[in-house]
There are 2 protein chains.
Amino acid sequence: MPRRTPSAAELHRRAVATYVAAGGEESVQRVITAVQSLTKKLDQWYARQLADLDVTAGEWAVVTSLAKAAEALTPSQLADLTNVAPSSMTHRLDKLADRGLIERTPDAENRTRTYISLTHEGWELFSLAIRGSDVVETDVLQDLGDDERGELARLLEVVIARLDDIDA
Amino acid sequence: MPRRTPSAAELHRRAVATYVAAGGEESVQRVITAVQSLTKKLDQWYARQLADLDVTAGEWAVVTSLAKAAEALTPSQLADLTNVAPSSMTHRLDKLADRGLIERTPDAENRTRTYISLTHEGWELFSLAIRGSDVVETDVLQDLGDDERGELARLLEVVIARLDDIDA
DNA sequence: ACAGAAGATTTCGATATCGAAATATTAGCA
DNA sequence: TGCTAATATTTCGATATCGAAATCTTCTGT
């Protein structure tokens, strides 16, 4: 018989122990493991929320990429930003265009290139989903005081700043 | 012409601004956005590293789940842990079993159930990949002092502890 | 003991994704 | 100019994933 589901905190402890036993450094694994399990939980919630709007995680990734870019992007750029093969993007964009969330605009200056942009409906969907997910996200951070939340953000941003320099 | 690729830090700033403009709370978005872009980068590195070992991200998720559980799991549990449909797990396990990384053991007490466990080779692959990824992970956290790293871990663990209570 | 509900895994048809090749355009350069 | 290389997107065949249904086993209640 499978035993009772352990708490997230307990799973985290075990995961860190496992990684350390396999040769990882403890302080590193505590951070990385926590970041990953947090993302995993968030992804589950987003998936449910997006299902209500009849949008897949992959489609949502396209919408947010366009929203964040604040300018038109090419299919290749979107494929790159969303970690997917360029050939897969074609079909995704077809579906999104059919639903009226994005539109393709051929580049007049370079006819091999197509620009993708959010339609008004696309922006509305984005805004709607963000307001919904902000609720869950706020809940997740509830146990952190204002100062702690700021400190957490600061530390993460130090890490982010380093991302480009690695592996290059 | 597409302009120069912005830095991760710059992308982060913009993303937060976009989410705030769409109705998100700033201190929340700073944290959540940072966590997600960090995970995305890590996933890219893992994918490359795993490709060298001829393992997909999905297969790796199965291996780590088994390693962390430290006991045999059923296909359903694995599907749940790795966010995939139970029917998809069947084929994944077939492939992993063909490669000798896992093995299926029928449960003697309940013949509808099958237990999946890592083989010796499975453990070796796990250990090898962990030692490899620890290198990158350590690099990522390089700009944080020991105390800062500890504080980051602590804050994240506070958040983790709350995950179970949400949405239930 | 037995009928029906619940559970676990697999099979099946439809769809999504991948990598490689095809197509079309632009850029570099002799 | 004209030829080759590079770039952007799409098409194509193979594989992976999904949700629903099928199969088999165990549990529940009478």
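Convention: sequence-line order gives letters A, B, ...; per-chain numbering from 1.
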Value for OH (B:Tyr19) from CD1 (A:Ile130), rounded to nearest 0.5 Å, stands at 5.0 Å
Check B:Asp164 against A:Ala9 and note the closest heavy-atom contact, atom names and distance.
-> OD2-N, 4.4 Å
Hey, is the side chain of A:Arg111 poking within less than 4.0 Å of OP1 or OP2 on D:dT7, counting only N and O atoms?
-> no
To the nearest angstrom, the CG-P distance between A:Asp80 and D:dA8 comes to 11 Å
Over 12 foreign heavy atoms within 6.0 Å of CG, A:Asp146 | no
Step by step, would you call B:Ile102 with B:Ser117 a side-chain contact (heavy atoms from CB on, under 4.5 Å)?
-> CA-CA 5 Å; B:Ile102 61 128; B:Ser117 52; over 6 Å; no
Distance col, row B:Gln142:CD vs A:Asp165:CG, nearest 0.5 angstrom, shows 9.5 Å
To the nearest Å, give me how far apart CG (A:Asp98) and C1' (C:dT15) are.
-> 15 Å
Give every pair of a protein N or O atom and an N or O atom of nucleotides 2-7 of chain C that lie under 3.5 Å apart, one pair per line with the distance.
none

Contacts of A:Ala108 and B:Thr114 projected onto DNA chain C by closest heavy atom; the upstream (5') one is B:Thr114
Residue pair A:Asp94, A:Arg104: steps toward the salt bridge (charged side-chain N to carboxylate O under 4.0 Å, His left out) verdict = CA-CA 9 Å; A:Asp94 286 347; A:Arg104 285 181 162 98; 3.0 Å; yes
What integer distance in Å separates B:Ile116:CD1 from C:dT9:C1'?
-> 10 Å
Under the side-chain contact (heavy atoms from CB on, under 4.5 Å) criterion, do B:Thr74 and B:Tyr115 qualify, and how do the steps go?
-> CA-CA 5 Å; B:Thr74 67; B:Tyr115 282 120; 3.8 Å; yes
Could you state the CD-C1' distance from A:Glu109 to C:dT26, rounded to the nearest angstrom?
-> 13 Å
Any residue of residues 45-64 of chain A with a heavy atom less than 4.0 Å from an atom of DNA chain D | none
Residues within residues 84-92 of chain B bordering DNA chain D, heavy-atom distance below 4.0 Å | B:Val84, B:Ala85, B:Ser87, B:Ser88, B:His91, B:Arg92
Starting at CZ of A:Arg30, measure out to CZ of B:Arg154 and round the result to the nearest 0.5 Å.
-> 9.5 Å
Identify the residue among A:Thr112, A:Thr114, A:Asp107 that makes a side chain to side chain donor-acceptor pair (under 3.5 Å) with A:Asn110.
-> A:Thr112
Same apolar cluster (I L V M F W Y, side chains within < 4.5 Å links), A:Val16/B:Trp123 | no
Can you tell me the distance, in whole Å, between the CG atom of A:Leu93 and the P atom of D:dT10?
-> 7 Å
B:Glu148 side chain to B:Gly145 backbone, donor-acceptor under 3.5 Å = yes
Distance in angstrom units between B:Tyr115 OH and C:dA8 C1', rounded | 11 Å
Residue-phosphate contact under 4.0 Å: A:Lys95 side-chain N/O, C:dT15 OP1/OP2 | no
Could you tell me the separation between the CG atom of A:Leu78 and the P atom of C:dT17, rounded to a whole number of Å?
-> 14 Å
d(CG, B:Asp94; P, D:dT17) in whole Å = 12 Å
